[in-house]
Structures are given as C-alpha cells and as structure tokens.
Novice: 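One structure is given below, represented as structure tokens, and several questions about it will come after.
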Amino acid sequence: MAYDQTTTELEPTAVRQQPTTADLAARLDAELRDAHPLTVLRKAYETFGDKLALVSSFGAESAVLLHLASQVSKDIPVLFLDTGMLFGQTLDYRKSLAAKLGLTDVRDLRPAYTDLAVTDPKSDLWRTDTDACCHIRKVLPLDRALGEFAAWTTGRKRFHGGDRLRLRVVEETQGQIKFNPLANWGKAELDSYVAEHDLPAHPLVSQGFPSVGCWPCTKPVDDPNADVRAGRWAGQDKTECGIHVARAPGAAPNVGEGI
C-alpha cells in the first residue's frame with residue numbers, strides 16, 4: 001500500500017525582540033513623568049527590588065529624598081561617596097541623618113588606594129585638574145559599586161539649572177535605569193517637605209552653603225538670587241562632578257535629556 005508522503009513546511013517562528021533598557025526607561029518615564037516622588041520611588045523599588053540603589057551626597061538637599069526612600073524601604077542600599085575631601089560636618093550629618101531615618105544599608109564608597117597613590121599622592125590634584133580629582137574620588141568608586149545594581153536613584157532637580165533643565169524623571173545611562181524622583185520639584189516643594197516632616201538641615205546651610213560638596217571646591221554664596229550650585233567649582237565652567245556624565249569618549253553628556 002502506497003502512502004502519499006507530503007512534507008508540511010513550517011513557517012519560521014517570529015523572533016520577538018526583548019525590550020531594551022532604553023525602551024524600559026522610556027516606558028517608565030512616560031508613566032512617571034508627572035508622578036509624586038514617593039510614587040516614583042515605590043515603582044522603582046517594585047520594579048528592581050534589591051537591584052535598586054540610591055546615591056546620596058548627604059548634602060544640603062539630601063534629607064528629602066532619603067526620607068522619601070525610608071518610607072519605601074529602610075533597607076534600600078544608599079551609596080555615599082566619601083571622597084576624603086568632605087567637610088567634617090557632612091560626615092557627621094551622614095551618621096546622624098541615617099540614624100534618624102533608620103536607614104540600615106548606607107555604604108561609604110572611598111577612592112581606591114592605588115588610584116590615589118598613582119594619580120594624587122599629595123592630595124592636591126584638585127588644584128590643577130578638578131575633573132581628574134573627581135574621576136578618581138567619585139566616578140570610579142561609584143562605577144565599581146553600581147556594578148551589582150540594575151537601577152539607581154538620584155536627587156537631581158531641574159531647578160538646579162544647566163543641563164539639568166532637561167532632566168527626565170526616568171532615563172537610561174550606561175545600560176542602567178536612573179530614577180530622578182525630584183526632577184519636577186523646586187525649592188518651595190523641598191522646603192515645604194522639610195518643614196512638614198521636621199527634617200534636620202545640613203549644618204553648613206545656615207553658614208551660606210546652598211550646595212555642599214568637597215571642601216576645596218565648595219564656597220558659600222552671598223547672593224540669595226544666585227544659582228543653587230553657584231558655590232560649586234566657582235569661577236570654572238565645571239558644573240558636574242562626572243558621575244552624571246556619559247563615560248564613552250565623544251558621547252553626549254547624560255545629565256538629563258529632553259522630556
């Protein structure tokens with residue numbers, strides 16, 4: 001008995017492209033661009049869990065974001081860049097504020113000994129090359145620490161001016177998702193939140209420091225109408241330490257692209 005042997009050709013299964021990190025950032029930004037900062041943080045934690053970190057300088061405006069984060073989870077890893085050039089008041093504030101908010105995982109990131117020994121053995125690199133100084137004391141330590149995370153949160157706001165005027169609430173950078181929950185808030189919202197929750201101020205704010213970084217490159221500001229970051233790298237074109245700038249040579253700065 002003969003059998004009619006026919007071959008049915010199967011159509012190749014369509015290959016579904018997985019969403020990229022940039023796709024995810026765009027979707028989250030569309031969802032959260034007008035959301036309350038607490039909503040943004042809750043979504044970030046819901047999405048990434050223990051793969052989410054928060055980067056904080058424990059500076060003049062840091063208490064707001066840290067307090068918001070503590071309401072989501074007190075266990076969120078908080079990455080603090082201890083450059084070795086910080087004001088003593090900042091180190092004291094870091095300890096007291098973390099204790100007050102009950103933060104359980106504040107990690108002090110310090111520059112590698114070999115980087116300092118080779119590049120800044122006399123601790124005076126800031127006098128000749130502030131970019132290089134920031135690179136070994138901030139950029140490299142943070143890059144190393146962020147390797148175990150898929151997303152991170154910053155306290156940047158659009159009212160800081162400069163390239164931050166175009167800051168998104170959610171963006172993609174270096175293959176990771178970056179959340180900027182306070183992007184939409186101005187000084188009035190920050191001050192109101194601090195008063196509502198009775199948050200302690202950085203000790204140097206009352207001495208005329210609207211923004212606090214490393215002591216060699218931070219000055220008090222006399223003009224109340226000056227930019228909030230006017231005391232950072234005063235007299236230089238520099239406005240960013242480098243942790244919010246794209247690393248690839250020739251790449252556009254990633255300090256907040258258009259919304």
Side-chain angles (χ1 to χ4, degrees), residues 12-57 62 64-66 68-73 75-81 103 105-107 109 112 131 134-136 138-158 160 162-185 239-259:
T13 303
V15 178
R16 294 183 180 180
Q17 292 185 342
Q18 295 296 319
T20 65
T21 307
D23 293 334
L24 177 58
R27 178 175 65 78
L28 289 170
D29 185 63
E31 176 184 346
L32 300 169
R33 63 180 55 176
D34 297 315
H36 188 278
L38 188 56
T39 301
V40 176
L41 282 165
R42 283 175 174 156
K43 183 66 176 183
Y45 189 67
E46 172 191 315
T47 304
F48 293 99
D50 60 5
K51 290 299 181 180
L52 173 73
L54 186 153
V55 177
S56 178
S57 65
S62 297
V64 171
L65 181 62
L66 290 168
L68 286 163
S70 72
Q71 296 179 67
V72 177
S73 172
D75 300 328
I76 292 177
V78 177
L79 308 183
F80 171 60
L81 290 163
L103 301 172
D105 192 8
V106 180
R107 306 179 187 185
L109 310 182
D131 285 340
C134 286
H135 187 72
I136 62 171
K138 290 187 175 184
V139 176
L140 292 180
L142 182 60
D143 280 355
R144 295 182 185 112
L146 285 175
E148 66 179 276
F149 299 101
W152 51 299
T153 300
T154 86
R156 294 177 299 161
K157 305 99 181 164
R158 293 195 191 106
H160 284 171
D163 290 311
R164 298 187 181 193
L165 288 170
R166 299 176 287 118
L167 189 64
R168 293 180 179 179
V169 171
V170 186
E171 58 187 339
E172 182 274 339
T173 175
Q174 307 297 125
Q176 294 174 315
I177 302 293
K178 186 189 294 187
F179 292 89
N180 307 300
L182 299 175
N184 297 323
W185 274 19
T239 60
E240 296 283 346
C241 66
I243 65 174
H244 298 300
V245 177
R247 310 287 188 269
N254 189 358
V255 290
E257 298 174 353
I259 58 172

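Position 1 is the first residue of the sequence; numbering continues from there.
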Novice: Looking at every heavy atom in both Ser56 and Val78, which two are closest together, and how far apart are they?
Specialist: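 For Ser56 and Val78, the tightest heavy-atom pair comes out as CB-CG1, 4.1 Å.
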Novice: Donor-acceptor pair, Lys138 side chain versus Ile136 backbone, under 3.5 Å?
Specialist: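 Side chain of Lys138 to backbone of Ile136, a donor-acceptor pair under 3.5 Å: no, none is there.
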Novice: Among all residues two or more places apart in sequence or in another chain, which pass the side-chain hydrogen bond (donor to acceptor under 3.5 Å, both in side chains) test with Thr20?
Specialist: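 Expected list: Asp23.
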Novice: Nearest heavy-atom pair of Phe179 and Val170: which atoms, and what distance?
Specialist: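 Minimum heavy-atom separation between Phe179 and Val170: CD2-CG2, 3.7 Å.
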Novice: What heavy-atom pair brings Leu66 and Leu54 nearest, and what distance separates the two atoms?
Specialist: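 Where Leu66 meets Leu54 most closely, the heavy atoms are CD2-CD2, 3.7 Å.
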Novice: Quick one: list whatever passes salt bridge (charged side-chain N to carboxylate O under 4.0 Å, His left out) with Asp105, sequence neighbours left out.
Specialist: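 For Asp105, the residues satisfying salt bridge (charged side-chain N to carboxylate O under 4.0 Å, His left out) (neighbours in sequence not counted) are Arg107.
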Novice: Restricting to side-chain hydrogen bond (donor to acceptor under 3.5 Å, both in side chains), what partner residues turn up for Gln71, sequence neighbours left out?
Specialist: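 Checked Gln71 against side-chain hydrogen bond (donor to acceptor under 3.5 Å, both in side chains); matches are His67, Tyr193.
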Novice: Within this structure, what is the CZ-CD distance for the pair Arg33 and Glu31, rounded to the nearest 0.5 Å?
Specialist: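 Interatomic distance, Arg33 CZ to Glu31 CD, rounded to 0.5 Å: 11.5 Å.
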Novice: Any chance you could measure Leu41, atom CG, to Ile76, atom CD1, to the nearest 0.5 Å?
Specialist: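 Between atom CG of Leu41 and atom CD1 of Ile76 there are 6.5 Å.
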Novice: Keeping the roles fixed (side chain from Thr39, backbone from Ala35), state whether a donor-acceptor pair exists under 3.5 Å.
Specialist: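 Checked: no pair found.
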Novice: Any chance you could measure Tyr45, atom OH, to Lys51, atom NZ, to the nearest 0.5 Å?
Specialist: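 It is 13.0 Å, given to the nearest 0.5 Å.
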Novice: According to side chain to side chain contact (heavy atoms under 4.5 Å, CB included), who are the partners of Asp75, at least two apart in sequence or on a separate chain?
Specialist: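 Per chain and number, Asp75 pairs via side chain to side chain contact (heavy atoms under 4.5 Å, CB included) with Ser73, Thr104.
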Novice: Hey, could you give me the CZ/CD distance between Arg156 and Glu171, rounded to the nearest 0.5 Å?
Specialist: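 If we round to the nearest 0.5 Å, Arg156:CZ and Glu171:CD are 4.5 Å apart.
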Novice: Are the side chain of Lys178 and the backbone N or O of Thr153 linked by a donor-acceptor pair below 3.5 Å?
Specialist: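 Checked: no pair found.
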Novice: Shortest non-hydrogen contact from Leu38 to Leu68?
Specialist: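 Where Leu38 meets Leu68 most closely, the heavy atoms are CD1-O, 3.6 Å.
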Novice: With Phe80, which residues qualify under ring pair (Phe, Tyr, Trp, His ring centres under 6.0 Å), at least two apart?
Specialist: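 By the ring pair (Phe, Tyr, Trp, His ring centres under 6.0 Å) rule, Phe80 matches Phe58.
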Novice: Which one of Asn184, Asn180, Asp34 satisfies the side-chain contact (heavy atoms from CB on, under 4.5 Å) criterion with Val169?
Specialist: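 Looking at Asn184, Asn180, Asp34, the match for Val169 under the side-chain contact (heavy atoms from CB on, under 4.5 Å) is Asn184.
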Novice: How would you list, by chain and number, every residue that makes a salt bridge (charged side-chain N to carboxylate O under 4.0 Å, His left out) with Arg27, sequence neighbours excluded?
Specialist: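 With neighbours one apart ignored, the set is empty.
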Novice: Applying side-chain contact (heavy atoms from CB on, under 4.5 Å) to Trp185 and His36, what does each step give before you reach the verdict?
Specialist: CA-CA 9 Å; Trp185 274 19; His36 188 278; 3.7 Å; yes
Novice: Looking only at heavy atoms, what is the nearest atom pair of Gly155 and Leu182, with distance?
Specialist: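 Result for this residue pair: O-CD1, 4.4 Å.
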Novice: Go through the steps for Phe149 and Asp50 under the test side-chain contact (heavy atoms from CB on, under 4.5 Å), then give the verdict.
Specialist: CA-CA 8 Å; Phe149 299 101; Asp50 60 5; over 6 Å; no
Novice: Would Leu81 and Ser57 satisfy side-chain contact (heavy atoms from CB on, under 4.5 Å), going step by step from the backbone distance to the final call?
Specialist: CA-CA 7 Å; Leu81 290 163; Ser57 65; over 6 Å; no
Novice: Would you name the heavy atoms of Thr21 and Glu172 that are closest together and state the gap between them?
Specialist: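 The answer is CG2-CG, 3.6 Å.
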